[in-house]
Structure formats: structure tokens, C-alpha cells
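Some notes on the structure that comes next.
Order of listing sets the numbers, starting from 1, for every ligand and every atom in it. Residues: numbered from 1 along the sequence shown.
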Amino acid sequence: MSGNKSIGCSVRECKFHVESSNLCSLENIMVTKHGQGKSIECTDCASFKARN
Ligand code: SF4
């Protein structure tokens with residue numbers, strides 16, 4: 001599986017993660033937020049799907 005060089009990602013638990021390059025294999029992703037905070041912990045990748 002090849003990765004998208006424009007989307008670095010370290011979430012190994014996601015089925016779209018490319019282990020060898022630490023990239024996302026999707027063409028694009030959707031990033032969302034939760035809560036009202038402004039910290040990095042308040043952002044999520046909405047394209048995440050758990051690895052089987
Ligand atoms: S979908 Fe999101 S969490 Fe999954 S590999 Fe791509 S960027 Fe990472």
C-alpha cells in the first residue's frame with residue numbers, strides 16, 4: 001500500500017495507515033474537532049477506521 005506524501009500520520013491503529021512510511025494511504029482526509037478547546041487534543045481525523 002502506498003502512502004500520500006502530503007498526509008503524514010502516526011496512527012498505527014488505523015486501517016489506512018502505511019507502516020513503512022508513516023503516511024496515510026487515502027487521497028484526502030477530513031479533520032474535525034471536538035469540544036471547545038484550542039489544544040491539539042481537540043482535533044481528530046474523521047477518516048479514521050479501526051484496523052481489523
Ligand atoms: S485516515 Fe486519518 S488516522 Fe487513518 S491513516 Fe489516514 S490520517 Fe491517519
For His17, the option from Glu13, Glu19, Lys15 that meets side chain to side chain contact (heavy atoms under 4.5 Å, CB included) = Glu19

Okay, side chain of Thr43, backbone of Lys33: is any donor-acceptor separation there less than 3.5 Å?
-> no

Shortest non-hydrogen contact from Ser47 toward Phe16 | O-CE1, 3.4 Å

So how many protein N, O or S atoms does atom 2 (Fe) of ligand 1 have within less than 2.8 Å?
-> 1

Any side-chain heavy atom of Asp44 sitting closer than 4.5 Å to one from Thr32?
-> yes

Can you name the closest pair of heavy atoms from Ile7 and Leu26 and give their distance?
-> CD1-O, 3.9 Å

Ser10 backbone acceptor or donor facing Asn22 side chain under 3.5 Å | no

